[in-house]
Amino acid sequence: MTSWLTRSRQRLTGFIARRETPDNLWTKCKSCGAMLYTKEFEANLSVCPECGHHERIRAAERFGQVLDEGWTPIAVASPSDDPLNFKDQKRYPDRLKAARAATGEPDAMLLAKGHIRGHQAVVGVQDFAFMGGSMGIAVGNAFVTGARAAIAAHCPFVLFTAAGGARMQEGILSLMQMPATTVAIQELKDARLPYIVVLTDPTTGGVTASYAMLGDVHISEPNALIGFAGARVIESTIRQKLPEGFQRAEYLLEHGMVDIVVKRHDLADTLGRLIGLLMRA
Amino acid sequence: MVQTLDFEKPVAALDAEIAELTADPARAAELERAQAKRGRLLADIYKALSPWQKTLVARHPDRPRFLGIVEQLFEDWQPLAGDRAFADDVAILGGPARFRGRSVMLIGHEKGHDTQSRVQRNFGMAKPEGYRKAARLMEMANRFGLPIVTLVDTPGAYPGIDAEERGQAEAIARATESCLTAEVPMVSVIIGEGGSGGAVALAAANRVLMFEHSVYAVISPEGCASILWRDAAKAADAAVAMRISAQDLAELGVIDSIVAEPVGGAHRAPADAIARLGDSIDAALDGLEKLSPAELKADRRAKFLAFARAA
């Protein structure tokens with residue numbers, strides 16, 4: 001399991017800083033360090049024009065990029081918080097509260113319905129900014145809701161994954177989301193509707209080992225980190241340095257786990273084309 | 001000689017005293033008292049095990065393992081090897097067998113019993129080919145109408161370069177899917193460690209049982225502690241917070257029943273523990289055999305969907 005905590009903390013503070021200070025005119029590319037005019041960077045789908053780095057984006061931005069105008073959010077239920085009464089250095093409800101305040105989102109997966117290049121679809125986006133996208137009951141619930149909305153509308157379910165893994169604060173109940181979401185995928189399969197996964201940076205742990213790897217088609221954004229075990233866990237187990245490009249999208253493509261690596265600019269076209277073909281529309 | 005765990009030291013001290021008394025026929029009365037005291041002490045300790053102590057018991061090297069259980073409870077076991085794609089992984093074993101009059105498909109993790117076999121079996125940490133073999137055998141069971149019995153005992157799926165490059169995540173996801181697709185009765189037992197995705201891939205069953213002192217968790221207590229507390233030494237706290245004991249999991253509705261262990265844990269009286277396990281598996285299968293194939297699949301799907309609180 002990777003440390004989503006560390007990373008999400010950095011993300012959250014970064015996000016707040018960007019909102020509240022006037023110097024958000026400029027964005028520094030996290031990969032090459034180029035200073036980019038924020039408006040232009042966002043108009044470029046948050047892809048660095050200098051090095052091609054695909055920055056992690058928020059759910060709302062993703063919906064806007066992929067769906068045709070006129071898309072609508074699908075409400076997701078908020079299941080009861082803190083089923084285990086979990087406390088580590090902080091109480092879990094306090095962590096949830098902080099994440100909700102920072103993101104304005106109820107939990108780590110949001111849903112929308114609309115069209116992709118004219119083809120109807122239900123789209124789910126896992127938001128890494130919300131506690132590292134971690135999979136708990138709310139994420140499982142959103143996933144099932146999305147799959148069933150697709151079945152009801154007789155259209156594909158397109159899911160963007162991003163997560164460090166399972167949400168430890170929900171203990172075994174987070175692990176149970178692996179079979180729970182798998183059942184929802186079987187319902188899509190029974191209905192003969194496409195389930196398309198777009199793996200974004202990063203997708204690891206229990207999320208990869210369940211709904212991220214059970215798609216009819218696996219698409220990935222360039223250079224996205226995708227794996228089961230975190231790099232640190234592997235290194236400490238085998239006491240070896242990891243090879244260059246290990247667990248990156250292109251590595252998974254080479255090893256047969258991903259169908260296509262698609263740049264963000266081509267994503268909507270690719271999804272639209274695939275849906276048209278698979279739905280014979 | 002059973003390996004003594006830290007919290008069993010008071011018992012070990014009494015054992016030493018008992019050994020001394022046994023050598024002296026004149027002190028028979030004292031011996032009897034000491035033995036009674038030892039029995040009470042052991043029972044008291046095991047009644048009050050903390051989740052972390054249970055983790056240590058669940059990992060005890062003398063705990064009943066897959067092969068010992070097969071030997072005592074199953075007949076005509078025919079191990080089948082390989083995932084038909086890359087290799088055979090001996091961290092997961094499987095094949096058809098007879099269990100109390102019925103043919104079943106038996107699958108499970110095997111950790112090994114000594115240094116050599118532990119290394120050979122990668123300490124029960126399976127690679128993709130192990131999960132793919134399990135999926136293959138579950139699909140075969142489904143074709144031939146054999147109930148599936150799985151015995152889960154793994155620290156987790158193997159985290160290594162080779163496992164990643166052959167699609168560890170995909171293999172686990174597919175095995176979980178195979179559990180959920182089968183239209184035959186499926187009973188899983190957590191016999192020792194139920195380590196995260198590597199465990200659930202064999203345990204998305206109609207009935208999930210747990211040995212009394214086994215544990216089942218989304219991440220090891222050490223792993224959780226090092227991430228959330230930034231200190232692996234807080235494993236005992238993490239074990240409490242995550243609620244990993246059979247008793248907690250029964251309360252949460254994640255498991256269906258607990259298989260009682262002999263006083264002092266299954267490792268002290270493995271044959272007794274295994275016999276109880278057999279009765280529990282038998283009872284669970286009996287209950288499921290009344291359901292039709294479609295009902296068995298629907299039962300499993302409804303059970304796991306409920307964890308997402310989605311009806």
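Just so it is clear, the structure is predicted and the values come from calculations on it, not from any experiment.
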Exercise for the section: Apply side chain to side chain donor-acceptor pair (under 3.5 Å) to the pair E177(B) and Q186(A), showing each step before the final yes or no. Expected result: CA-CA 8 Å; E177(B) 192 181 39; Q186(A) 289 179 339; 4.7 Å; no
Exercise for the section: Return the minimal non-hydrogen interatomic distance between N141(A) and R309(B), and the atom names on each side. Expected result: ND2-O, 3.2 Å
Handout entry: Inter- and intrachain pairs under side-chain hydrogen bond (donor to acceptor under 3.5 Å, both in side chains), touching residues 212-221 of chain A, at least two apart
Key = R62(A)-E221(A), E221(A)-R264(A)
Problem - R166(B), part contacting chain A, at a heavy-atom distance under 4.5 Å - result: backbone
Handout entry: Residues R243(B), N85(A); criterion side chain to side chain contact (heavy atoms under 4.5 Å, CB included); working and verdict
Key = CA-CA 10 Å; R243(B) 303 191 61 184; N85(A) 202 3; over 6 Å; no
Handout entry: Choice from G136(A), A212(A), A180(A), A142(A) maximising heavy atom contacts with chain B below 4.5 Å
Key = A180(A)
Problem - Part of T237(A) lying under 4.5 Å from any heavy atom of chain B - result: side chain
Problem - Heavy-atom pair with the smallest gap, counting every atom of P243(A) and I161(B) - result: CD-CD1, 3.6 Å
Fill in the blank from the handout: Honestly, the part of I238(A) sitting under 4.5 Å from a heavy atom of chain B is side chain
Handout entry: E164(B) (side chain) donor-acceptor with A229(A) (main chain) under 3.5 angstrom
Key = yes
Handout entry: Selection from A169(B), G223(B), A204(B) maximising heavy-atom pairs under 4.5 Å formed with chain A
Key = A169(B)
Practice task
Grab the two heavy atoms, one from Q89(A) and one from W229(B), that are nearest each other, plus how far apart they are.
Solution key: NE2-O, 3.6 Å
Handout entry: Among the listed options I244(B), T176(B), V200(B), D237(B), the residue most often paired with chain A at heavy-atom distances under 4.5 Å
Key = V200(B)
Problem - Any donor-acceptor pair under 3.5 Å from Q177(A) side chain to F307(B) backbone - result: yes
Practice task
Show your working on salt bridge (Lys or Arg N to Asp or Glu O under 4.0 Å) between R230(B) and D88(A) and close with a plain yes or no.
Solution key: CA-CA 10 Å; R230(B) 294 164 196 276; D88(A) 48 84; over 6 Å; no
Practice task
Using non-hydrogen atoms and a 4.5 Å limit, figure out which bit of T181(B) sits close to chain A: side chain, backbone, both or neither.
Solution key: both
Completion exercise
Residues of residues 246-254 of chain B with a heavy atom under 4.5 Å from any heavy atom of chain A, in residue-number order, are L249(B), L252(B), V254(B)
Indicate every side-chain donor-acceptor pair of residues 153-165 of chain A with a distance under 3.5 Å to a residue at least two apart or in another chain.
from: T161(A); atom 1: OG1; to: T203(A); atom 2: OG1; distance (Å): 2.9

Fill in the blank from the handout: Between A166(A) and V218(B) the two heavy atoms that sit nearest each other are CB-CG2, 3.5 Å
Handout entry: Whether over 12 other heavy atoms sit under 6.0 Å from K113(A) NZ
Key = no
Problem - Contact winner vs chain B - I226(A), I172(A), L242(A), heavy-atom pairs under 4.5 Å - result: I172(A)
Practice task
Measure distances from A241(B) to the heavy atoms of chain A and classify the residue's part below 4.5 Å as side chain, backbone, both or neither.
Solution key: both
Exercise for the section: Count the heavy-atom pairs under 4.5 Å between each of M178(A), E170(A), M213(A) and chain B, then report the option with the highest count. Expected result: M213(A)
Practice task
Would you please test K90(A) and L228(B) for side chain to side chain contact (heavy atoms under 4.5 Å, CB included) and show each step?
Solution key: CA-CA 9 Å; K90(A) 266 192 196 168; L228(B) 292 184; over 6 Å; no
Practice task
Could you look at A238(B) and say if it's the side chain, the backbone, both or neither that has a heavy atom under 4.5 Å from chain A?
Solution key: neither
Exercise for the section: Take L175(A) and S196(B) through the side chain to side chain contact (heavy atoms under 4.5 Å, CB included) test and state the conclusion after the steps. Expected result: CA-CA 7 Å; L175(A) 190 70; S196(B) 196; 3.8 Å; yes
Handout entry: Structural part of Y251(A) lying under 4.5 Å from a heavy atom of chain B
Key = side chain
Practice task
Please assess E170(B) against T208(A) for the test side chain to side chain contact (heavy atoms under 4.5 Å, CB included), listing each intermediate value before the final yes or no.
Solution key: CA-CA 7 Å; E170(B) 195 266 356; T208(A) 320; over 6 Å; no
Completion exercise
With sequence neighbours left out, the residues meeting salt bridge (Lys or Arg N to Asp or Glu O under 4.0 Å) with K297(B) are E183(B)
Exercise for the section: Could you tell me which portion of M176(A) (side chain, backbone, both or neither) has an atom closer than 4.5 angstrom to a non-hydrogen atom of chain B? Expected result: both
Exercise for the section: Please report the closest heavy-atom contact between L84(A) and M242(B), naming both atoms and the distance. Expected result: CD1-O, 3.7 Å
